[in-house]
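Here's the structure we're looking at; comments come further down.
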Amino acid sequence: MTGRLNRAFFAQDTLSVARGLLGQRLVRILDGERLSGRIVEVEAYVGEKDQASHAQCGRTERNAPMYGPPGHAYVYFVYGMHHCFNVVTEREGFPAAVLVRALEPLEGIEAMQERRGGRVGVELTSGPARLCQALGIDRRFDGVDLCAPDVVLFIEGNGTMPDAAVTAGPRVGVRGDERALVAPWRLYEQDNRYVSR
DNA sequence: GGATCGATCGGCT
DNA sequence: GCCGATCGATCCG
């Protein structure tokens, strides 16, 4: 996988997109500088029947991007202070997305450290809200098309991650029935120190 | 190292 | 009015 990821990639079923995103590079152009990191942890949220999904109660103004076309961002605000970044998947009208939970920093590390209040190393991007702060991702990016030609947030191909390096497990911080709690829809690179929790 | 708790506010049952 | 797809500080062992 090389170059910018295109719409067809994001239009696949959500678990395939989640798996395919592992190892790819999330890029943010901030003040003319490239900040980027390798995606090492993701979670899939699939359809209104997914008890852990924001779409479980149907469409609202907040979750509307999840119902939109694939390849767009869904950025939401939680706990009164944190942002989380998702990539919308599958077909328009079906609410599904992949939450990016952790990155391994690649470019612009000093800028990330500044944005993270002087923190360094693992604390930079190991967690969905941390990576948003490190890369300057907030609600301004909610609904933005990551496949647009001159957007300042996008995902680049960066090689593939072998199956042997991938672990699947239950999602973090979800509630709902047993099915939602147990679904192994959190994927991460084994032994990567930037994986959260 | 692990458990617990407060911060803080937008979006909804 | 209540609660959250979290984080970081603090306390305990």
Side-chain angles (χ1 to χ4, degrees), chain A residues 10 13-15 17-19 21-22 26 28 37 39-68 70 72-90 94-105 112-144 146 153 155 167-189 191-197:
Chain A
F10 297 110
D13 75 276
T14 306
L15 269 298
V17 175
R19 174 66 182 83
L21 281 175
L22 288 175
L26 177 62
R28 164 81 160 108
I39 297 171
V40 296
E41 180 182 358
V42 295
E43 280 178 2
Y45 291 86
V46 186
E48 293 181 344
K49 289 181 182 149
D50 181 353
Q51 297 277 302
S53 172
H54 286 173
Q56 66 169 294
C57 298
R59 182 179 185 137
T60 65
E61 192 175 342
R62 180 202 200 197
N63 65 25
M66 291 186 76
Y67 289 79
H72 287 236
Y74 168 45
V75 179
Y76 64 87
F77 183 71
V78 271
Y79 298 113
M81 60 188 92
H82 297 304
H83 298 282
C84 294
F85 168 70
N86 300 252
V87 181
V88 177
T89 60
E90 307 207 24
F94 182 79
V98 175
L99 169 67
V100 178
R101 289 191 55 89
L103 302 175
E104 177 183 327
M112 292 189 207
Q113 289 172 350
E114 273 177 44
R115 300 196 59 80
R116 291 280 298 132
R119 292 189 170 77
V120 299
V122 167
E123 303 216 307
L124 244 35
T125 51
S126 60
R130 291 173 173 181
L131 93 245
C132 281
Q133 189 180 24
L135 297 189
I137 299 173
D138 56 30
R139 277 203 307 285
R140 295 189 314 250
F141 287 96
D142 192 29
V144 163
L146 306 174
L153 182 67
I155 300 173
T167 300
R171 293 172 290 182
V172 176
V174 308
R175 46 178 205 140
D177 65 17
E178 195 178 340
R179 206 172 297 281
L181 288 173
V182 170
W185 290 352
R186 172 181 179 236
L187 307 179
Y188 57 95
E189 182 176 34
D191 302 325
N192 188 298
R193 64 197 198 99
Y194 288 93
V195 170
S196 69
R197 199 194 199 187

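The sequence lines fix the lettering, A, B, ..., with proteins before strands; numbering per chain opens at 1.
- The side chain to side chain donor-acceptor pair (under 3.5 Å) search around A:Arg197 returns none, not counting sequence neighbours.
- DNA chain B lies under 4.0 Å from at least one heavy atom of each of the following residues of residues 54-68 of chain A: A:Cys57, A:Thr60, A:Arg62.
- Every side-chain contact (heavy atoms from CB on, under 4.5 Å) that A:Phe94 has, sequence neighbours left out, goes to A:Val46, A:Glu90, A:Arg91, A:Ala96.
- Here the closest non-hydrogen pair linking A:Ala18 and A:Val42 is O-CG2, 3.5 Å.
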| task | Map every base of DNA chain C to its dot-bracket character, where paired means a Watson-Crick or G-U wobble contact with both distances under 3.5 Å and | marks a partner outside the strand. | result | ||||.|||||||.
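- Taking CZ of A:Arg116 as the reference point, atom CD of A:Gln133 lies at 5.0 Å (rounded to 0.5 Å).
- Counting only distance, with no hydrogens or angles, the side chain of A:Asn86 and the backbone of A:Ala97 share no donor-acceptor pair below 3.5 Å.
- Contacts between residues 113-136 of chain A and DNA chain C, counted as heavy-atom distances below 4.0 Å, involve A:Arg116, A:Arg119, A:Gly127, A:Pro128, A:Ala129, A:Arg130.
- Ring-plane geometry between A:Tyr76 and A:Tyr74 is classed as tilted, the angle between the planes lying from 30 to 60 degrees on a 0 to 90 degree scale.
- Within the nucleic acid shown, A:Phe77 comes within 4.0 Å of sugar-phosphate atoms alone, with no base atom in reach, counting heavy atoms only.
- Between A:Pro128 and A:Leu99 the shortest side-chain heavy-atom distance falls below 4.5 Å.
- Using modelled atom types, no side-chain atom of A:Thr89 and backbone atom of A:Thr14 make a donor-acceptor pair closer than 3.5 Å.
- Taking a heavy-atom distance under 4.0 Å as the criterion, the stretch of DNA chain B touched by chain A extends 5' to 3' from B:dA7 to B:dT13.
- Every residue meeting the salt bridge (charged side-chain N to carboxylate O under 4.0 Å, His left out) condition with A:Glu41, not counting sequence neighbours, appears here in chain and number order: A:Arg101, A:Arg186.
- For A:Asp13, there are no salt bridge (charged side-chain N to carboxylate O under 4.0 Å, His left out) partners, not counting sequence neighbours.
- Only at 4.0 angstrom or more do the heavy atoms of residues 45-53 of chain A sit from any atom of DNA chain B, so none qualifies.
- Under the side-chain contact (heavy atoms from CB on, under 4.5 Å) criterion, A:Cys132 pairs with A:His83, A:Phe85, A:Ile137, sequence neighbours left out.
- As rounded to whole Å, 17 Å separates atom P of C:dG4 from atom CG of A:Leu99.
- Within the structure, every pair that satisfies the salt bridge (Lys or Arg N to Asp or Glu O under 4.0 Å) test and touches residues 46-67 of chain A, not counting sequence neighbours, is listed here: A:Asp50-A:Arg171.
- Note: CE (A:Met81) to P (C:dA5) measures 14 Å, nearest angstrom.
- For the atom pair CG of A:Leu187 and CG of A:Leu21, the computed distance is 10.0 Å after rounding to the nearest 0.5 Å.
- The structure places CZ of A:Arg119 at 16.0 Å from CE of A:Met112, a figure rounded to the nearest 0.5 Å.
- Looking at residues two or more places apart in sequence or on another chain, you find no salt bridge (charged side-chain N to carboxylate O under 4.0 Å, His left out) involving A:Glu114.
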